[in-house]
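The block underneath contains the structure these notes are about, expressed in structure tokens.
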Amino acid sequence: MNNAQISRLQSLIADLTGQRMDLATVATAIFLVLVARTLIGQTTRSQFRKHYESMIARAKRERDNKRHGVLETKDAQDDESKLDWTGSDIRTAVLENKLDLPAHVASLAWRCRTYGRQEDGVNAIAEELYDDAYAAAVKYKKYVTESKSVTKSNAPPLFGVPI
């Protein structure tokens with residue numbers, strides 16, 4: 001803080017209090033204000049941190065207690081054979097009936113549940129909608145097998161790709 005700023009601060013304090021203060025009193029007041037702001041800021045940060053930690057713990061408990069029917073199916077196991085497939089590969093295989101989409105979704109759900117929760121896994125708490133994804137895959141499979149109107153040329157780019 002330079003002399004001009006100190007002088008302005010002294011004038012401001014004189015206007016507010018009706019009396020002129022010496023430099024030591026102004027410095028002490030500034031110091032006390034900064035200490036108070038720091039303490040309030042630390043308390044607020046600490047309270048926010050505790051609040052968010054409790055929210056995270058609650059979300060993890062809810063996630064861990066949720067049961068997914070798809071994980072009970074025979075297809076809910078590790079299938080590394082399709083891990084390097086692109087979205088285009090999956091789309092083509094679904095349209096050609098070369099990929100059992102519900103089984104693929106069950107395998108992906110198993111991998112997410114197993115590996116995504118490891119300490120070095122996904123750094124987020126996500127809502128697990130495995131049963132919804134499995135139901136959509138069953139619906140897609142039925143639609144593709146019963147409908148002759150969906151072909152490689154008119155299917156959307158991510159048709160059948162679990163997202």
Side-chain angles (χ1 to χ4, degrees), residues 1 5 9 12 28-163:
M1 193 173 259
Q5 291 171 323
L9 188 57
L12 178 65
T28 303
I30 292 171
F31 175 75
L32 291 174
V33 167
L34 292 175
V35 167
R37 282 185 57 192
T38 302
L39 291 175
I40 290 169
Q42 286 176 350
T43 302
T44 303
R45 275 183 259 141
S46 174
Q47 289 171 339
F48 280 131
R49 186 175 293 118
K50 286 179 185 175
H51 175 71
Y52 288 123
E53 285 173 354
S54 75
M55 285 176 51
I56 291 168
R58 186 181 68 234
K60 283 183 176 181
R61 276 193 310 275
E62 288 174 5
R63 181 196 65 188
D64 291 342
N65 291 331
K66 188 173 182 180
R67 297 292 164 237
H68 304 279
V70 66
L71 296 175
E72 309 294 323
T73 66
K74 65 176 176 50
D75 296 318
Q77 57 189 335
D78 203 358
D79 180 8
E80 294 184 4
S81 66
K82 296 170 191 71
L83 290 182
D84 60 346
W85 280 23
T86 65
S88 179
D89 294 337
I90 293 171
R91 175 183 180 267
T92 301
V94 167
L95 290 170
E96 294 175 353
N97 284 325
K98 294 182 179 176
L99 174 67
D100 183 4
L101 191 56
H104 184 59
V105 167
S107 173
L108 293 174
W110 182 89
R111 288 184 65 80
C112 287
R113 181 74 176 218
T114 303
Y115 300 123
R117 292 186 176 193
Q118 292 178 354
E119 193 65 35
D120 59 346
V122 177
N123 185 18
I125 298 175
E127 188 172 356
E128 297 170 340
L129 302 171
Y130 304 138
D131 290 334
D132 295 342
Y134 188 76
V138 169
K139 188 170 135 181
Y140 260 103
K141 181 179 180 179
K142 182 178 180 184
Y143 179 74
V144 170
T145 55
E146 292 178 0
S147 173
K148 299 300 177 195
S149 63
V150 179
T151 63
K152 284 186 191 180
S153 62
N154 68 3
L158 295 177
F159 184 82
V161 177
I163 298 175

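The first residue of the sequence shown is numbered 1, and numbering continues consecutively from there.
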Can you name the residues that form a side chain to side chain donor-acceptor pair (under 3.5 Å) with D131, not counting sequence neighbours?
none
Could you pull out all donor-acceptor pairs under 3.5 Å where a side-chain atom in residues 154-163 meets a protein atom, sequence neighbours excluded?
from	atom 1	to	atom 2	distance (Å)
N154	OD1	T151	N	2.7
N154	OD1	T151	OG1	3.2
N154	ND2	S149	O	2.7

Please list, chain by chain and in numerical order, all residues satisfying salt bridge (charged side-chain N to carboxylate O under 4.0 Å, His left out) with E146, sequence neighbours excluded.
none
Closest approach of D84 to D89 (non-hydrogen atoms, all atoms of both residues)
O-OD2, 4.5 Å
If you measure from the Lys or Arg side-chain nitrogens to the Asp or Glu carboxylate oxygens, is any gap between E128 and K66 under 4.0 Å?
no
Output for pair (L71 CG, Y130 OH), nearest 0.5 Å, gives 7.0 Å
What distance do W85 atom CH2 and R91 atom CZ have between them, rounded to the nearest 0.5 Å?
14.0 Å
Distance from S107 atom OG to E80 atom CD, nearest 0.5 Å?
9.0 Å
For the student: nearest non-hydrogen atoms of I90 and L99, plus distance
CG2-CD2, 3.9 Å
Mind checking what makes side chain to side chain donor-acceptor pair (under 3.5 Å) contact with K152, not counting sequence neighbours?
E96
Using every non-hydrogen atom in the two residues, find where V105 and A137 come nearest and quote the distance to one decimal.
CG2-CB, 3.7 Å
More than 12 foreign heavy atoms under 6.0 Å from NZ of K142: is that the case here?
no
Closest heavy-atom contact between P102 and Y134?
O-CE1, 3.2 Å
Would you sort out whether K141 and V94 count as a side-chain contact (heavy atoms from CB on, under 4.5 Å), showing the intermediate values?
CA-CA 8 Å; K141 181 179 180 179; V94 167; over 6 Å; no
Using the test side chain to side chain donor-acceptor pair (under 3.5 Å), find all partners of D64 that sit at least two apart in sequence or belong to another chain.
R117
Atom of A106, atom of T73 and distance for their closest heavy-atom approach
CB-OG1, 3.9 Å
List the atom of Q77, the atom of K74, and the distance in Å for their closest heavy-atom pair.
NE2-O, 3.3 Å
S88 meets the side chain to side chain contact (heavy atoms under 4.5 Å, CB included) criterion, sequence neighbours left out, with T86, T92
So, do R111 and L83 sit near enough that their side-chain heavy atoms are less than 4.5 Å apart?
yes
Distance col, row R49:CZ vs I56:CD1, nearest 0.5 angstrom, shows 11.0 Å
